[in-house]
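The structure under discussion appears below in the form of structure tokens.
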Amino acid sequence: MNGPWHDEVRRVLRLDEEEIAFWERIAEQVPTRALRQAIRMMIRREREEMETLRGLLRDPHHLPGSDMPGFDTGAGYDSGLSSDSTTYEEKK
């Protein structure tokens with residue numbers, strides 16, 4: 001089932017593609033190798049984010065990376081998958 005959020009995610013993906021094209025052109029123009037490498041790293045991260053979004057479109061019930069050991073939702077609580085037995089409250 002597709003909802004309005006699917007259309008919004010597809011729009012973000014199109015914008016990301018445009019952004020990557022801009023960054024690729026910029027990377028070819030910067031004066032140093034270090035800047036080019038930094039920009040290419042940004043492009044790689046952007047592509048990883050895009051793959052995550054595509055995964056959400058394929059299966060909105062699966063959180064990307066949730067099957068990996070130590071997965072944490074980042075919402076202020078531990079998923080329970082971490083080998084660290086310290087509770088969130090204890091870590092504060």
Side-chain angles (χ1 to χ4, degrees):
M1 178 178 158
N2 286 341
W5 71 273
H6 282 89
D7 294 333
E8 297 297 327
V9 171
R10 287 186 192 98
R11 183 172 180 221
V12 168
L13 287 167
R14 284 190 301 273
L15 292 170
D16 286 344
E17 287 290 344
E18 290 180 32
E19 180 182 354
I20 287 172
F22 281 118
W23 281 119
E24 287 173 339
R25 286 194 300 270
I26 291 167
E28 295 304 317
Q29 299 173 29
V30 296
T32 67
R33 182 173 184 252
L35 283 173
R36 252 187 315 283
Q37 288 177 329
I39 291 169
R40 289 188 177 135
M41 186 183 332
M42 291 168 38
I43 291 169
R44 279 193 299 277
R45 284 194 305 258
E46 191 69 33
R47 286 190 172 131
E48 289 169 2
E49 289 176 13
M50 292 172 69
E51 188 53 39
T52 298
L53 291 173
R54 287 183 185 108
L56 289 174
L57 289 174
R58 286 189 298 269
D59 182 4
H61 302 291
H62 176 74
L63 291 172
S66 62
D67 53 350
M68 298 175 65
F71 173 73
D72 184 353
T73 63
Y77 57 89
D78 193 328
S79 65
L81 298 175
S82 174
S83 60
D84 181 3
S85 63
T86 309
T87 66
Y88 175 73
E89 292 299 318
E90 291 172 332
K91 290 179 184 178
K92 282 186 180 177

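The analysis underlying the following values was restricted to heavy atoms, covering all of them including side chains, and did not include hydrogens, waters or symmetry mates.
Partners of Arg44 by salt bridge (charged side-chain N to carboxylate O under 4.0 Å, His left out), not counting sequence neighbours: none found. Applying the side-chain contact (heavy atoms from CB on, under 4.5 Å) criterion to Glu17, with sequence neighbours excluded, gives Met50, Arg54. In terms of the side-chain contact (heavy atoms from CB on, under 4.5 Å) criterion, residue partners of Ile26 (sequence neighbours excluded) are, by chain and number, Trp23, Val30, Ile39. Scored by the side chain to side chain donor-acceptor pair (under 3.5 Å) test, Arg45 finds no partners at all (sequence neighbours excluded). Every side chain to side chain donor-acceptor pair (under 3.5 Å) that Glu28 has, sequence neighbours left out, goes to Arg40. Under the side-chain contact (heavy atoms from CB on, under 4.5 Å) criterion, Val12 pairs with Asp16, Leu53, not counting sequence neighbours. The salt bridge (charged side-chain N to carboxylate O under 4.0 Å, His left out) check on Arg33 picks up nothing, with sequence neighbours excluded. In this structure Glu24 satisfies the side chain to side chain donor-acceptor pair (under 3.5 Å) test together with Arg47, sequence neighbours excluded.
Here the straight-line distance linking atom CG of Leu56 with atom CD of Glu51 works out to 10.5 Å at 0.5 Å rounding. Note that CG of Leu57 is 5.5 Å distant from CH2 of Trp5, once rounded to the nearest 0.5 Å. One finds the CD1 atom of Ile20 at 11.0 Å from the CD atom of Glu18 (value rounded to the nearest 0.5 Å).
No more than 12 heavy atoms of other residues, nucleotides or ligands shown are found within 6.0 angstrom of CZ on Arg11.
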